[in-house]
Amino acid sequence: MAADEPAIEVVDVHRTFDVRRRAGRLRRTRQVVRAVDGLSFDVARGEMVGLLGPNGAGKSTTVKMLTGILVPTSGALRVVGLDPAAARTRLARRIGVVFGQRSGLWWDLPLRDSFALLRRIYDVPADRHAAALAEFVELLELGELMDIPVRALSLGQRMRGEIAAALLHEPELLYLDEPTIGLDVVSKGRLRDFLRTINVERGTTVVLTTHDLGDVERLCRRVLVVDHGRLVFDGSLDALRRLDGTTRTVVVDLATSSPQVEVAGAVVTRVDGPRQWLSLPSGASAAPVVAQLAAAYDVVDLAIQEPAIEDVVARLYQRG
Amino acid sequence: MKSRPGGGRLATYAAVASGGFRRYATYRLATAAGVFTNSVFGCIICFTYLALWQERPDIGGWDAQDAVTFVWIGQSLLMTVALFGGGFSDELADRIRTGDIAVDLGRPVDLQGWRYAEDLGRSAFHLLGRGVAPTLVGALLFSLAWPANPLTWLAFLGSVTLAVTVSFAIRYLIGLGAFWVLDVRGFVVVIGFVQLFCSGMVLPLVVFPAGLETALRLLPFAALIQVPAEVLLEKSTGWGLLAALGSQLGWAVVLLGAGRALTRHATRRLVVQGG
Amino acid sequence: MTALVRSWQAYRAISGAWVRAAMAYRASFVALALGQVLTSGADFIAIVLMFASIDTLGGFGLGEIALLYGLTGLGLGIADLVAGSTEQLGRRVRDGSLDTMLVRPVPALVQVAADQFALRRIGRISQATVVLGWALLHVDIDWNLTRAALLVTTIGSGAVIYLSIYVLGAAFQFVAGDAAEVQNAFTYGGVTLTQYPLTIYPVEVVRAVTFLLPLAFVNWYPALHLLGRDDPLGLPGWVQAASPLAALALAAVAGVAWRGGVRRYRSTGS
């Protein structure tokens, strides 16, 4: 395939489900649920993209369609140049998947055995497998865990194992579903470092679905926000922050307690002794506000707070 | 044991029993599937017994109609007395293995009594859900020997309750085995075979050679299927009925008592080990 | 062809790992395997006990019934060893582990069958083999090359017929995951039915297991030929050698059903 061909192309994809509900003792009603409703986006090779959205937004339906498990109702998908639904098994060799709540490892077998089995399943030449395994064991610090049955591993240890398992056949594209859920701060940090390494050094395209905006903030230059099966945002984290309706905050410490400052382009939202909070639209530059403050008041200290990404996303969901 | 107001404790056990009932009642499709399977097996076994009784029309003093009726009683009781094991005893063994049993023993409710109430609820569901429907199928396809005396049904219900109690007591002992053996699964399979064979489920005990039959009737397993079936078939009447129910009651008392003693022993061990 | 080889390699690797895991607890393994010998042998002990009071059942002697018993038990035993794990399909759909299998480059059926591979199921195989061996010593068969070949192909065909039933049952679980027990009526029910001579059943039953679900080809028709018995249905003689055909036909149906089940799963998401 051409190197400039995107890793993922999604064009106007729909996916509906028939949901049957029991209504009364015998009657059943049928309802059509649009899980994915006209989704279009591209992901370039080597990108690391965050797929965000509330529960039931259509994230996992989308990932299932991208892996070929689920057939779309309409629309076109191409993943590394293949139609996932038609070429599921061929695609499987070229992608890696980590489903957050399900294990791709063998629960009762030692980690080592799971990795050996995956070599057979993906038919990886022994030397390449050994090299990749050695690398991942070192990067993910799996050395001491290799002979422990998966069920006896901690959540963080298991997740490291899952990610190694998904990467052992050296896929071009990796899907990760909630990779850091339930992990402590240290484990999260370690895992994020590893993902960045994989993305940069191997050029692996990574698609991350997550609720943890920390993951997104530290890993993804680009964010896709899905709600009600539709794409409600596609752009950089900065652009997401500068969306209409969101605000940046200037926190200013004056020498003495004073009445509300008056500055063009910003409004005071809170006063606490000598400290005051001013709010300005995300799209606007903070420089004129800072300049006015410095000229007209006795400023001791000053800080600019970007909008919390949580708030921005929550606002997006409300609009969607 | 400290006694609490009797009514309160009874209410607790009733709630536990009803929980046991509902826990199985939620799986309607699974129940329907089980009814289908019991019915298919019932039919197959009926044909084999009919063939046997055609060769020997009076084998064991039963006629072919008795034999066919026995098949459907067996299919009805199979799940009711949990002949294949499972249910609470696996759970009990699991909790012992993981150490969660300490929590159970710390409760103000007696472990054995609580599990017994739960199992009675389960068995009531299995008798109704998995017993009645296959028997109707059997009645439709074969000519069954219904009791002449309506009171026999009452005696049968009593006998089934005792059968469930004996079965419970056995499974409770197996579950407790996890205190001493790391993996009780092998043990469960072997006991399962013994139960299948010695209860009359595989073949009514009356068909067994006389010496073997006498020996098997001395074991508690006959109380599970053979004895209740003979009550419904009105093979045990008058003093015979009392003797049948008495033998079930005797085994129930002995096995439940053994369970109590072992629980106490295991608890002491647990306390000593600080587990 | 390479796909087949690859599937086989994956099957061997996965099942091998489960065998090694089980062997770590050798005592449990032995107890469970012995337990299976006993449980699956209970039916045969019952038959032997019946024969304490009778000489023939449905016109067949103990040795002849043992032949029927051994053939059908061996067929089920092999199928159960190879694909007994497919009974877990409903659970795999519920807990989502099927999805994990669908994103791997080996057919999901191969993975479902190989996962949780339980060598203890060899218990039934050994028990059936012993009964079959005993039967062959006690029945009067006019051995020639054709009959020997018939015996071997019957065992293979029986295994394929039961394998197909396992796959059909798994496919059914795509539709009704909670109804897994229905499968037992056809696997264990099938083996119980066919361990007796079909002469003891109404003719409708015999027709059903000949034309509808070809269980009679697991042992009955080939055994009639081996024993030189007349077919009560009066079907043409070639039917007695038609077990491989019946097995292939059922396997084809099972394959279609499985594909249908996977397609349904992939298009309904449930």
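In this text, all values refer to a predicted model and were calculated from it rather than measured experimentally. Just so we're on the same page: letters track the sequence lines, and every chain starts at 1.
When heavy atoms are compared at a cutoff of 4.5 Å, Asp95(C) approaches chain A solely by way of its backbone atoms N, CA, C and O. Only the side chain of Phe99(A) comes within contact range of chain C, with heavy atoms under 4.5 Å apart.
Between the side chain of Arg266(C) and the backbone N or O of Ala85(A), at least one donor-acceptor pair lies under 3.5 Å.
Remark: Arg207(C) fails to qualify as a cation-pi partner of Phe211(C) under the 6.0 Å distance and 45° angle criteria applied to the six-membered ring.
Using cut-offs of 30° and 60° for the angle between ring planes, the Phe136(A) and Phe194(A) rings count as perpendicular. Classified by interplanar angle (parallel below 30°, tilted 30° to 60°, perpendicular above 60°), the ring pair Phe44(C)/Tyr69(C) is tilted.
The choice from Val262(C), Val110(C), Val106(C) that makes the most heavy-atom pairs within less than 4.5 Å of chain A is Val106(C). Between chain C and the options Met65(A), His169(A), Arg102(A), the largest number of non-hydrogen pairs under 4.5 Å is found for Arg102(A). Listed options Ser97(C), Ala17(C), Ala21(C) were ranked by heavy-atom pairs under 4.5 angstrom with chain A; first place goes to Ala17(C). Looking only at heavy-atom pairs under 4.5 Å with chain C, the residue among Pro72(A), Pro84(A), Ala92(A), Pro149(A) that has the most is Ala92(A).
Looking at Arg124(C) and Gln127(C), their side chains never bring a donor and an acceptor atom within 3.5 Å of each other. In this structure, a donor-acceptor pair under 3.5 Å is present between the side chains of Asp43(C) and Gln195(C). Thr180(A) and Asp215(A) share a side-chain donor-acceptor pair at under 3.5 Å.
Salt-bridge annotation for Glu170(A) and Arg93(A): absent, with no side-chain N of the basic residue lying under 4.0 Å from a carboxylate O of the acidic one. The pair Arg92(C)-Asp99(C) does not meet the salt-bridge criterion, since no charged nitrogen lies less than 4.0 angstrom from a carboxylate oxygen.
Residues of residues 103-121 of chain A lying under 4.5 angstrom from chain C, judged on non-hydrogen atoms, are Ser103(A), Gly104(A), Trp106(A), Asp108(A), Leu109(A), Asp113(A), Leu117(A), Leu118(A), Arg120(A), Ile121(A) in numerical order.
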